[in-house]
Amino acid sequence: MNRRKAPAKPQAQTPLDFGTLTAEQITAAILGYLEAHGFTAWAQPNRGEYDPKTGRWRPHPNSRRGVPDILGFRRADGRFLGIEVKAGTDRLRPEQMTFLRELKAAGGLAFVAYDFAGFVQSFERRGLHVVATTATHDAAPAPPYPTSPPTPAATDDPQPAYACRP
């Protein structure tokens with residue numbers, strides 16, 4: 001006699017466990033996700049420089065305090081994006097909060113990512129995972145490109161003298 005087992009009851013799928021990722025791993029995952037969803041983004045080096053003479057870290061000479069870890073833009077419309085990545089017990093500093101508030105007030109997309117899954121949920125909740133093909137925000141259209149060279153009044157600088165060699 002051939003007995004068949006009853007099919008197992010369907011169970012809810014357990015969410016993917018990414019474990020505890022480092023800030024660098026979260027950043028790498030977010031950059032890949034953004035690229036696949038129509039954004040150009042990069043990791044902004046904010047750590048500063050180590051000075052071996054003094055044995056201390058010093059601010060990078062070309063940086064601004066509070067700039068997010070990931071910067072970028074949506075290719076379809078140029079909308080700016082800033083993502084501050086926090087891992088473990090790391091928390092936002094006041095200058096980081098200020099930058100993200102200013103970015104949001106200017107119409108940019110501001111995020112704080114404590115983990116990859118949370119970032120994706122926030123991103124998709126805003127509907128940003130759908131690759132945009134046209135501009136969707138209320139920005140003024142870009143001025144048209146000039147169709148003729150500038151008039152002499154626009155650039156009346158004297159032309160430099162070039163020496164010709166025989």
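Just so it is clear, the structure is predicted and the values come from calculations on it, not from any experiment.
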Aromatic contact, Phe80 with Phe39 (centres under 6.0 Å):
no
Does the side chain of Arg79 reach to within under 4.5 Å of the side chain of Leu109, using non-hydrogen atoms?
yes
Whether Arg93 engages the ring of Phe99 as a cation-pi pair (distance to the six-membered ring centre under 6.0 angstrom, angle to the ring normal within 45°) should be assessed.
no
Treat each ILVMFWY residue as a node, draw an edge where side-chain heavy atoms are under 4.5 Å apart, and state whether Val85 and Met97 are in one component.
no
Check against salt bridge (Lys or Arg N to Asp or Glu O under 4.0 Å), Arg56 and Asp51:
CA-CA 6 Å; Arg56 296 180 146 183; Asp51 187 346; over 6 Å; no
What closest approach, in Å, do Leu21 and Phe116 show between heavy atoms, and which atom pair accounts for it?
CD1-CB, 4.5 Å
Do Phe119 and Glu124 make a side-chain contact, defined as non-hydrogen atoms from C-beta onward lying under 4.5 Å apart?
no
Nearest-0.5 Å distance that lies between atom CD in Gln96 and atom OG1 in Thr98:
10.0 Å
Are any of the side-chain heavy atoms of Leu81 and Leu34 separated by less than 4.5 Å?
yes
Between Thr27 and Ile83, is a side chain to side chain contact (heavy atoms under 4.5 Å, CB included) present by the stated rule, with each step listed?
CA-CA 9 Å; Thr27 298; Ile83 305 166; over 6 Å; no
Grab the two heavy atoms, one from Ala87 and one from Ala23, that are nearest each other, plus how far apart they are.
CB-N, 3.6 Å
One pair to check against salt bridge (Lys or Arg N to Asp or Glu O under 4.0 Å): Lys86 and Glu84. What are the steps and the verdict?
CA-CA 7 Å; Lys86 297 293 179 188; Glu84 183 60 44; 3.5 Å; yes
Could you tell me the separation between the CG atom of Leu100 and the NZ atom of Lys104, rounded to the nearest 0.5 Å?
10.0 Å
Report whether Tyr33 and Ile70 are members of the same hydrophobic cluster (ILVMFWY, side-chain heavy atoms less than 4.5 Å apart, transitive linking).
yes
Connected via hydrophobic side-chain network under 4.5 Å: Val120 and Leu31:
yes
Same cluster for Phe111 and Ile26 if Ile/Leu/Val/Met/Phe/Trp/Tyr side chains link at under 4.5 Å?
yes
Evaluate salt bridge (Lys or Arg N to Asp or Glu O under 4.0 Å) for Arg75 paired with Glu35, printing each intermediate quantity in order.
CA-CA 10 Å; Arg75 288 188 291 268; Glu35 179 65 30; 3.6 Å; yes
